[in-house]
Number of protein chains: 2
Amino acid sequence: MSAIRRSKEPAKASNRKRQRVPTAAALNRRMRHTERKRSAILEAALATFSQYGLHGASIDQIASRADVSKTNLFYYFSNKEELYTSVLSYLLDLWLQPLMAFTEDQDPIDAIRDYIRVKLEFSRDHPAESRLFCMEVMQGAPLLLNQLKQPLHDLVENKVTVIRAWIDQGKLAPIEPYHLIFSLWATTQHYADFRVQVEAVAGKTLDDPDFYQETLTSLEKLVLDGVRPRN
Amino acid sequence: MSAIRRSKEPAKASNRKRQRVPTAAALNRRMRHTERKRSAILEAALATFSQYGLHGASIDQIASRADVSKTNLFYYFSNKEELYTSVLSYLLDLWLQPLMAFTEDQDPIDAIRDYIRVKLEFSRDHPAESRLFCMEVMQGAPLLLNQLKQPLHDLVENKVTVIRAWIDQGKLAPIEPYHLIFSLWATTQHYADFRVQVEAVAGKTLDDPDFYQETLTSLEKLVLDGVRPRN
DNA sequence: TCTAATTCAGACCAATTGGTCTGAATAAAC
DNA sequence: GTTTATTCAGACCAATTGGTCTGAATTAGA
């Protein structure tokens, strides 16, 4: 996990008095150390926020989960909200990436199949990220909407065009592109966001390789072929 | 909105001293009044909890939204958790209902079409309920899982059997029933739970009748026909 | 060795908030 | 008119918690 925004830089040089100039190698090591520490904290924050929400999670909880002292946590992040938004903007990037792969020169069926796979892998490998994203959006994304709105809108707009082109070329059934995208998001994320419900109902989660494969196959089939019987 | 559980009964008769026996009509009026008041509070609680979460919502906030004093709120609900679980168990009922309609004697295509419509109507008319349910499940459903697990499991088990029968009769493409159900839940609830995202992307919500119709048509088409081009 | 960065435990503070208590006003039912 | 249920404002309490401060220990780099 790599930090994206930071407002509180550790290792700021005190510039009064004659200062020592650290070597490049040392600076590098410091940076790596700082990054690792920040990452550990961010990871703990992610897990905790995604389970309890912004208000339900306490700094003490996060600090102890990250195995650092509260003092040390505040050494890296100036306050709770900065910690929270750091986590959010990190995962926003992660969340947006897969969609970018859609390009017009692909075969749409392949592109959609790939997209389902990538998103389902994300749900399996990053369920906490998926849930925190969901939670934030669900609450109206008060801290994310500004960052989210424009890039997301533009990206989707772009992909809608691609999908329309596919439809015009007869490579795809005429379906409203927005809803296709929403459906792909919804179905794949469901297995992360509603994990406990899936488990309560089906008795399994994506962590089970067989269940993962079954899910992937079912979603592909459902989206690509629908449920109407073939004769 | 009708209350389901209550642990703090107002209007309890003080049984020392010679008590007056209220007439049936009076009792009835009292009950109705109590119900209305409880409902108003529950409604405010639902709206507030669904936006801010259990911890993010404050009693003061809820009371003022329901237009009652904090004292009065505690006159009807003994504490925050009871208020929260009252809201939850109310909406659990609401949430489970639509699925019961699936029966083997129906035509599966009709049944699925109907189900999509009913669930999408729910997303349009009860978005706060949908979001609160989502939020609770996402956090591991600590207060709902016990109530949820058994009935949900049984209900779904039942419907899975129905779907398998349809498949065996050749009325439905061979799809894993669990995943069909999950996909129907996911796609329809998405429009309530990710409302702000849908709005950011498509510029519209289900409140817009045209958009609602477009969504309904798209989901029906997608699930029933898939996206592969027909020749 | 000297300096600066990092880390910690723990005391502490102030704001929020769930919840109680008081005491009084009002409305409803008889 | 009398009783009982309902309602309120507001004081109040105790727990939680975000965040600060201190002072000291440790580590890394020069």
Side-chain angles (χ1 to χ4, degrees), chain A residues 7-38 40-41 45 48-49 52-64 66-85, chain B residues 7-38 40-41 45 48-49 52-64 66-85:
Chain A
S7 67
K8 190 179 198 173
E9 276 297 335
K12 59 183 166 229
S14 85
N15 46 9
R16 59 206 148 94
K17 293 220 171 170
R18 185 156 50 88
Q19 70 225 30
R20 293 196 177 163
V21 186
T23 62
L27 260 180
N28 213 318
R29 239 169 304 157
R30 278 269 162 74
M31 285 252 298
R32 274 211 317 276
H33 177 257
T34 297
E35 281 311 309
R36 270 212 310 279
K37 202 89 194 214
R38 283 180 64 94
I41 296 170
T48 313
F49 283 139
Y52 301 102
L54 168 58
H55 303 285
S58 78
I59 293 285
D60 281 315
Q61 226 176 335
I62 295 169
S64 102
D67 223 36
V68 298
S69 64
K70 191 163 88 161
T71 321
N72 200 15
L73 189 155
F74 280 118
Y75 181 76
Y76 286 97
F77 298 90
S78 37
N79 55 48
K80 195 184 188 182
E81 197 175 303
E82 193 212 323
L83 177 56
Y84 185 70
T85 53
Chain B
S7 69
K8 191 178 196 173
E9 275 296 333
K12 58 182 166 227
S14 87
N15 45 9
R16 60 206 147 89
K17 293 216 170 174
R18 187 157 51 85
Q19 69 224 29
R20 290 191 178 171
V21 185
T23 63
L27 259 179
N28 212 318
R29 237 171 304 158
R30 276 269 163 77
M31 285 254 296
R32 273 212 317 277
H33 176 257
T34 297
E35 281 312 307
R36 269 212 312 279
K37 202 88 193 215
R38 282 180 65 93
I41 295 171
T48 313
F49 283 138
Y52 300 102
L54 168 57
H55 303 284
S58 78
I59 293 285
D60 281 316
Q61 225 177 335
I62 295 169
S64 102
D67 223 36
V68 298
S69 64
K70 190 162 91 161
T71 320
N72 201 15
L73 188 153
F74 280 118
Y75 182 76
Y76 285 98
F77 298 90
S78 35
N79 55 48
K80 194 184 189 183
E81 199 176 301
E82 194 212 320
L83 178 55
Y84 186 69
T85 53

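The sequence lines fix the lettering, A, B, ..., with proteins before strands; numbering per chain opens at 1. A quick note: this is a predicted structure, and the numbers were derived from the prediction, not measured.
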*Answer with base, sugar-phosphate or nothing: what part of the nucleic acid does B/Ala63 contact at a heavy-atom distance below 4.0 Å?*
nothing
[N] phosphate, OP1 or OP2, under 4.0 Å from [X] side-chain N/O:
| X | N | value |
| --- | --- | --- |
| B/Tyr76 | D/dT7 | yes |
| B/Thr34 | D/dT6 | yes |
| A/Asn72 | C/dC8 | yes |
| A/Asn79 | D/dG18 | no |

Minimum-distance nucleotide (side-chain atoms of [X] versus [options]):
| X | options | answer |
| --- | --- | --- |
| B/Lys37 | C/dG19, D/dG18, D/dT7 | D/dT7 |
| B/Thr71 | C/dT7, D/dC8, C/dA9 | D/dC8 |
| A/Phe74 | D/dG19, C/dT6, D/dT17 | D/dG19 |
| B/Ser69 | D/dT20, D/dA9, C/dG19 | D/dA9 |

Grab the [atom1]-[atom2] distance between [X] and [N] for me, whole Å please.
| X | N | atom1 | atom2 | value |
| --- | --- | --- | --- | --- |
| B/Asp67 | D/dT7 | CG | C1' | 12 Å |
| B/Lys80 | C/dG19 | NZ | P | 8 Å |
| A/Arg36 | C/dT6 | CZ | P | 13 Å |
| B/Tyr75 | C/dT26 | OH | C1' | 13 Å |
| B/Leu73 | C/dC21 | CG | P | 17 Å |
| B/Tyr52 | C/dT16 | OH | P | 15 Å |
| B/Asp60 | D/dA9 | CG | P | 11 Å |
| B/Tyr84 | C/dG18 | OH | P | 14 Å |

*Ignoring hydrogens and angles, does a donor from either the side chain of A/Lys70 or the base of D/dG19 sit under 3.5 Å from an acceptor on the other?*
yes
*Stepwise, does the side chain to side chain contact (heavy atoms under 4.5 Å, CB included) test hold for A/Lys80 with A/Leu54?*
CA-CA 9 Å; A/Lys80 195 184 188 182; A/Leu54 168 58; 4.1 Å; yes
*Go through the steps for B/Ile41 and B/Arg38 under the test side chain to side chain contact (heavy atoms under 4.5 Å, CB included), then give the verdict.*
CA-CA 5 Å; B/Ile41 295 171; B/Arg38 282 180 65 93; 5.8 Å; no
_Residue pair B/Tyr76 / B/Leu83, side-chain heavy-atom distance below 4.5 Å_ = no
*Nearest 0.5 Å, what's the OG-CG distance between A/Ser69 and A/Asp60?*
10.5 Å
*By ring-ring contact (aromatic ring centres under 6.0 Å, His included), which residues pair with B/Tyr52, not counting sequence neighbours?*
none
